Amino acid sequence: MKRWLIIGVCGVCLVGMLGVATAQFARPEDAVRYRQSIMFLIGQHFGRIAAVVQGRETYEPQAVARNAELVATFAQLPWEAFMVPGTDSGTGLRATAFSDHEGFKAAAENSGAEIAKLAQVAAAGELDPIRAQFGVVGQSCKACHDKYRGR
Ligand code: HEC
């Protein structure tokens with residue numbers, strides 16, 4: 001009796017997970033707006049860290065830690081919104097993200113892992129390691145943009 005209940009519940013989970021990429025958004029335009037908004041925020045907060053590591057702004061440990069934490073949170077959000085069919089036309093997403101779904105996912109996961117490390121390093125409050133990890137994250141953004149971003 002209990003076992004059937006568990007199987008039933010898992011079946012519902014699975015169907016839910018498979019439908020998630022499209023079902024989350026009422027319209028394809030919403031997916032585009034969602035991911036571009038998140039990417040814009042990531043760019044803003046990552047840019048504030050850039051200003052510090054490049055010496056244009058003075059180093060305020062708490063502000064850098066906060067920005068890194070925000071980027072780490074935002075970086076968990078946009079990837080499903082890149083998988084909605086048809087949303088490569090007229091946007092910065094290249095169709096290769098659909099034909100090479102696994103590669104795109106791997107680029108997202110790699111970047112996410114490096115961003116999480118940046119948040120940890122930033123919380124520790126030493127500028128040199130922050131600068132080093134900032135560079136690693138920047139490369140991970142670029143790796144995905146080079147392959148899957150068209151403009
Ligand atoms: C897994 C792929 C991937 C990763 C990782 C990634 N991006 Fe992007 N990014 C994209 C794609 C694709 C677009 C274009 C989206 C569109 O136009 O719909 C984009 C767009 C952007 C934009 C423009 C947003 C706008 O205003 O429309 C900024 C800024 C940006 N990314 C910054 C970053 C930064 C900073 C990182 C790393 C911390 C990063 N991205 C990591 C794929 C990625």
Side-chain angles (χ1 to χ4, degrees), residues 10 13-151:
C10 288
C13 297
L14 193 63
V15 170
M17 271 157 59
L18 293 174
V20 92
T22 37
Q24 262 177 351
F25 302 100
R27 303 172 307 163
E29 306 88 276
D30 291 348
V32 173
R33 197 169 160 200
Y34 182 93
R35 73 184 184 225
Q36 289 179 348
S37 305
I38 298 286
M39 275 295 167
F40 178 76
L41 288 174
I42 289 177
Q44 290 291 303
H45 290 273
F46 195 60
R48 290 177 197 175
I49 304 172
V52 174
V53 302
Q54 291 161 4
R56 285 179 280 123
E57 296 281 345
T58 50
Y59 175 43
E60 305 273 0
Q62 279 189 346
V64 169
R66 176 79 182 131
N67 283 318
E69 205 180 283
L70 286 169
V71 174
T73 302
F74 299 148
Q76 294 169 20
L77 300 175
W79 314 118
E80 291 291 347
F82 283 93
M83 290 298 122
V84 178
T87 59
D88 54 315
S89 86
T91 72
L93 179 64
R94 286 168 60 183
T96 39
F98 297 113
S99 55
D100 181 21
H101 188 168
E102 289 305 313
F104 185 86
K105 241 177 78 182
E109 275 164 17
N110 175 53
S111 192
E114 297 302 345
I115 291 168
K117 269 186 223 161
L118 177 63
Q120 276 179 6
V121 170
E126 294 283 337
L127 187 54
D128 281 343
I130 291 172
R131 191 177 280 123
Q133 187 59 22
F134 176 89
V136 175
V137 172
Q139 282 304 312
S140 76
C141 311
K142 187 175 182 301
C144 185
H145 289 172
D146 285 352
K147 255 180 138 169
Y148 305 105
R149 188 179 173 190
R151 54 155 210 221

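Everything numeric in this text was worked out from a predicted model, so none of it was measured. Residues: numbered from 1 along the sequence shown.
For the ring-ring contact (aromatic ring centres under 6.0 Å, His included) test, residues two or more places apart in sequence or in another chain that qualify with Phe82 are Trp79, Phe104. Checked against side-chain contact (heavy atoms from CB on, under 4.5 Å), Arg131 has the following partners two or more places apart in sequence or in another chain: Val53, Leu127, Asp128.
Residues Cys141 and Phe46 share a closest heavy-atom pair of SG-CE2, 4.4 Å. When all heavy atoms are compared, the tightest approach of Ala107 to Tyr148 is CB-CE1, 4.4 Å. Considering all non-hydrogen atoms of both residues, Ala119 and Ala68 come closest at CA-CB, 3.8 Å. Summarising the geometry of Ile130 relative to Val121, their closest heavy-atom pair is N-CG1, 3.5 Å, with the distance given to 0.1 Å. The two residues Ala81 and Phe25 make their nearest non-hydrogen contact at CB-CZ, 3.6 Å. Of all heavy-atom pairs spanning Val84 and Ala31, the tightest one is CG2-CB, 3.7 Å.
Here Arg33 contributes atom CZ and Thr87 contributes atom OG1; the two are 15.5 Å apart, rounded to the nearest 0.5 Å. To the nearest 0.5 angstrom, Glu80 atom CD is 8.5 Å from Met83 atom CE. Between the CG atom in Asn67 and the CD atom in Glu60 there is a gap of 11.5 Å [rounded to 0.5 Å].
When atom types are taken as modelled, the side chain of Asn110 and the backbone of Ala106 share no donor-acceptor pair closer than 3.5 angstrom. Between the side chain of Gln133 and the backbone N or O of Glu114, at least one donor-acceptor pair lies under 3.5 Å. The backbone N or O of Glu69 sits less than 3.5 Å from a side-chain atom of Thr73, completing a donor-acceptor pair. Panel note: side chain Arg149, backbone Cys144; no donor-acceptor pair is recorded below 3.5 Å.
Using a 4.5 Å heavy-atom threshold, the side chains of Val52 and Phe134 count as separate. No side-chain heavy atom of Val71 sits under 4.5 Å from any side-chain heavy atom of Leu118. With a 4.5 Å cut-off on side-chain heavy atoms, Asp30 and Arg27 count as touching. Counting heavy atoms from C-beta on, the side chains of Phe74 and Ile115 never come closer than 4.5 Å. Side-chain contact between Arg35 and Thr91 is present, with heavy atoms from C-beta onward closer than 4.5 Å.
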Inset, instruction - Apply the test side-chain contact (heavy atoms from CB on, under 4.5 Å) to residues Lys105 and His101: give CA-CA distance (whole Å), side-chain angles for both, the deciding distance (0.1 Å), then the verdict. - result: CA-CA 6 Å; Lys105 241 177 78 182; His101 188 168; 4.0 Å; yes
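Around the CD atom of Gln62, the shell of radius 6.0 Å holds no more than 12 heavy atoms that belong to other residues, nucleotides or ligands. Within 6.0 Å of atom CZ in Phe40, 12 or fewer heavy atoms from other residues, nucleotides or ligands are found, so the atom counts as exposed in its surroundings. Residue Gln44 places its CD atom among more than 12 non-hydrogen atoms of other residues, nucleotides or ligands, all under 6.0 Å distant.
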